[in-house]
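Below is one structure, written out as structure tokens; comments come after it.
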Amino acid sequence: MRTEAQDIHRITFNLPPIYPVRYGPMQSTPPHCLTLSWLPVAPDFREDFRAALGCAEPADCLEKVASLAGYRLGFLETVQLDRALGRLGVRQAPGFSSIRLAILASSTVDHLAPAVRVAGLRRKLLIDVHNGAYGQYRQEILDQSSPLHQFRPQFLLFSLNAREAIAGVALTATSAEVDEAIAGFIDELRTLWRKAREICGGVIIQQTFVDVTEPLFGSYDRLVPAAPARMVARLNDHLCEAAAQDGVLLLDVASASQRDGIDAWFDVRRWLQGKLEIAPQAAPLYGDMVARIVVAQRGLSKKCLVLDLDNTLWGGVIGDDGIDGIILGEGSAEGEAHLALQRYAKYLKERGVILAICSKNEAAIAEAVFDDHPEMVLRRSDIAVFQANWNDKAENLKAIATRLNIGIDSLVFVDDNPVERARIRQSLPMVAVPEMPEDVAQYVHCVANAGYFEAIAFTAEDRDRARQYAENAQREALLQSAQSMDEFLRGLKMSVRFGPFTAVDQGRIVQLINKTNQFNTTTRRYTAAEIADVANLPEAMTLQFRLVDRIGDNGLVSAMILRPAADHDDALEIENWVMSCRVFGRRLEFEAMNIVVEAARQRGACALVADYIPTSKNNVIGALYPSLGFSAVDQSSAANKATRWFLNIADYVMHDSHICRGGAAE
Amino acid sequence: MNTQEILSIFIRILRDLLLDDSIVLTMETRREEIPDWDSFNYINFIVAVETEFGVKFKIADIESFSDVGAIVTELTKMLA
């Protein structure tokens with residue numbers, strides 16, 4: 001006998017498509033609806049989601065839900081995934097990093113938390129989100145017994161709206177009066193940032209103010225100081241200046257809503273209905289933007305853009321069409337679109353993204369286009385690794401990562417061919433593979449809006465990165481011709497400059513510590529403020545190292561933070577030590593240890609202790625401390641599988657490194 | 001589209017949203033009778049229905065829907 005529930009179940013799941021669906025979720029996009037357009041469309045979300053829920057093991061379910069998060073989800077699918085995640089109730093899982101993020105808001109943000117969590121899942125982050133009480137953010141920060149304080153956020157996101165900032169300013173106010181009112185609001189906000197930092201610690205992210213105002217005078221609004229739209233623009237100007245001064249990161253929803261159109265981000269009915277400043281349909285993109293910043297702060301943004309050639313960088317197939325036959329450059333709309341992608345890639349290179357080529361082609365024919373085609377924007381020297389051959393692209397991507405000495409999960413693979421994309425997604429799921437649109441006109445938009453290369457700084461090191469990778473190619477050639485490793489290292493004529501952390505190098509030091517994953521002994525991350533603090537702490541010792549050789553300056557490539565050890569008298573503990581992968585195999589770690597030991601001895605320390613905390617990425621230094629002369633300290637197995645190491649300074653034997661001392665680092 | 005068809009789509013949407021396949025809706029069902037159908041999920045439900053049917057409810061209607069039947073009736077009018 002059938003029950004009523006079963007009958008309804010049957011009706012529900014087997015509905016014939018007779019009802020007028022104008023746009024179901026993910027079928028086609030209604031106007032003013034944002035999508036995560038760079039992600040592939042799920043073949044059958046409903047079916048796969050039900051299958052994920054059916055997993056017996058929570059770990060399997062989490063993996064399946066996380067892989068579903070990699071699809072082009074709308075708001076409702078996002079809510080569903082989040083609900084499943086909530087039911088699993090996992091705070092920690094192997095392969096996932098746990099993050100605590102608090103949202104402090106002057107509007108309703110309940111719908112944003114699911115989107116942040118799902119965007120986290122997409123990046124193997126388990127983000128625990130604390131939603132502050134609506135409009136209570138001041139009290140939450142100032143009251144030390146508030147749930148916010150107990151939550152101990154690592155990230156604090158201020159999601160404020162412009163209403164309260166510009167309320168009360170008379171329409172007749174002068175420019176000076178408007179600026180004074182805005183400055184007052186921003187000053188109060190800065191006090192809250194400072195308090196939040198002092199009390200909670202953590203990284204502060206401030207959302208820019210979304211302009212939801214309606215025109216009052218029309219185009220003339222821009223010339224009236226107290227016109228609402230003009231005030232919101234001023235507010236954002238002041239905010240950005242303050243954020244730059246205070247080291248606060250921005251979540252630039254204001255710019256996103258201008259690009260996408262305010263109707264995509266703000267729905268006045270949701271504001272009236274429940275004080276939602278961000279429309280539910282925009283929540284998935286909002287969440288993704290938040291997760292990008294978390295990822296950038298953790299040093300896990302992508303590092304290298306790998307480009308296909310035929311029908312990606314140019315139209316046509318070079319092997320068939322020849323250098324005169326491919327479509328590229330001015331005079332053809334399609335050719336200009338390919339050129340636009342090249343220009344964008346060149347821009348990325350200028351900001352420090354590494355470029356590589358992965359193409360099924362004859363290498364000589366493909367490279368000749370870069371040298372000889374007059375319209376090419378990208379030249380051979382822009383490309384750090386050029387893999388043109390007939391091998392499987394997955395193998396080529398692995399080769400690119402190996403050559404650059406970066407993780408394979410640092411790659412973004414851009415290819416017009418859906419078969420190649422599917423193959424990489426399947427065999428190398430850690431590689432980001434944007435779902436390129438059918439129309440080459442949209443290629444730049446797709447790559448740019450995916451946010452793979454989100455940054456939280458732009459340092460001299462970034463500007464210089466391309467040159468350094470080019471120089472590394474020269475060093476590699478030198479290594480090929482050298483008879484032995486020793487001969488190669490001697491031939492480089494390396495010198496190291498070192499000294500304590502300085503204010504001028506602080507930006508680079510913070511970036512190095514937070515972006516380095518391989519040579520990173522404890523993977524402890526630090527904010528700019530924490531680095532400044534430790535540099536000024538008399539009992540702590542900080543060291544930075546620059547490596548110069550006859551081919552060029554490798555820049556500031558290593559940093560170390562030491563504090564008095566808690567468990568040994570007269571010992572310094574290496575709290576963290578990082579080194580850029582650019583200088584692996586150059587014996588810098590040996591010379592650095594010589595320097596540290598001398599400096600520690602001068603301070604009267606008798607010993608060094610250090611933890612090595614293994615991660616999925618730092619096993620390259622698994623044997624670092626023993627190779628430097630440390631011995632293992634007996635320790636009951638720690639939860640994080642850390643091993644503890646000890647070095648008696650009196651017993652230390654100086655290492656031979658082929659690196660001479662070049663004096664203090666500037 | 002008749003009332004029963006709209007109702008079955010509502011049931012699918014709400015089951016998906018709340019991950020609960022035991023949910024049954026009738027024209028007389030009131031929101032407070034369904035566990036977890038709180039104000040947050042009411043907004044989600046309205047968003048889902050608007051997306052599914054390509055309509056936009058008036059703000060006054062959203063505020064005054066007293067039971068599922070009221071939503072179905074209003075939607076039927078909008079689709080007519």
Side-chain angles (χ1 to χ4, degrees), chain A residues 3-16 18-33 45-46 49-50 53 74-87 108-111 113-114 131 267-276 279-281 283, chain B residues 1-27 29 31 34-65 68 71-72 75-80:
Chain A
T3 63
E4 187 192 30
Q6 277 172 332
D7 265 319
I8 288 167
H9 195 270
R10 185 177 54 78
I11 294 168
T12 309
F13 286 95
N14 301 322
L15 257 182
I18 47 162
Y19 51 94
V21 173
R22 284 175 222 173
Y23 30 75
M26 298 190 300
Q27 294 181 7
S28 64
T29 309
H32 308 314
C33 187
F45 176 82
R46 208 147 186 274
F49 183 55
R50 302 260 151 178
L53 291 178
F75 173 62
L76 296 160
E77 293 84 21
T78 302
V79 170
Q80 289 177 53
L81 280 192
D82 183 62
R83 218 176 163 81
L85 181 66
R87 282 210 187 151
T108 302
V109 292
D110 295 331
H111 62 306
N131 267 353
D267 183 339
V268 69
R269 295 174 313 136
R270 305 297 168 229
W271 170 257
L272 295 168
Q273 192 184 352
K275 296 289 172 282
L276 279 66
Q281 280 90 346
Chain B
M1 188 177 310
N2 65 35
T3 301
Q4 203 49 50
E5 285 163 348
I6 292 179
L7 209 48
S8 2
I9 295 171
F10 279 16
I11 291 170
R12 166 168 59 77
I13 289 173
L14 201 59
R15 285 179 175 184
D16 280 354
L17 264 179
L18 303 182
L19 296 192
D20 181 354
D21 279 347
S22 72
I23 288 173
V24 178
L25 297 177
T26 67
M27 292 294 273
T29 308
R31 189 150 65 81
I34 306 287
D36 288 350
W37 201 5
D38 51 17
S39 59
F40 172 57
N41 278 307
Y42 179 54
I43 295 186
N44 292 342
F45 177 78
I46 292 292
V47 170
V49 171
E50 290 188 349
T51 309
E52 180 89 32
F53 292 92
V55 298
K56 285 188 173 186
F57 291 113
K58 288 195 285 293
I59 191 79
D61 291 335
I62 296 174
E63 209 168 19
S64 64
F65 289 139
V68 169
I71 310 177
V72 172
L75 182 62
T76 310
K77 263 196 271 169
M78 295 174 87
L79 294 175

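Order of the sequence lines sets the chain letters (A, B, ...), proteins ahead of strands, with each chain counted from 1.
The salt bridge (Lys or Arg N to Asp or Glu O under 4.0 Å) analysis of residues 36-47 of chain B, with sequence neighbours excluded, yields the pairs Arg83(A)-Asp36(B).
Here Asn44(B) contributes atom CG and Phe75(A) contributes atom CZ; the two are 4.0 Å apart, rounded to the nearest 0.5 Å. Distance check: Ile62(B) CD1 to Arg269(A) CZ gives 5.0 Å after rounding to the nearest 0.5 Å. To the nearest 0.5 angstrom, Leu18(B) atom CG is 9.5 Å from Gln80(A) atom CD. Between Leu76(A) atom CG and Glu52(B) atom CD the span is 9.5 Å, to the nearest 0.5 Å.
Between Asp267(A) and Lys56(B) there is no salt bridge, since no side-chain N of the basic residue sits under 4.0 Å from a carboxylate O of the acidic one.
Between the side chain of Arg270(A) and the backbone N or O of Ile43(B) there is no donor-acceptor pair closer than 3.5 Å.
Most heavy-atom pairs under 4.5 Å with chain B, from the set Asp110(A), Thr108(A), Val268(A): that is Asp110(A).
Residues Arg12(B) and Arg46(A) are in side-chain contact: their nearest non-hydrogen atoms beyond the backbone lie under 4.5 Å apart.
Contact of Ala84(A) with chain B is made through backbone and side chain together, with heavy-atom distances under 4.5 Å. For Ile59(B), the part lying under 4.5 angstrom from a heavy atom of chain A is the side chain only.
Closest heavy-atom contact between Leu19(B) and Arg87(A): O-NH2, 3.0 Å.
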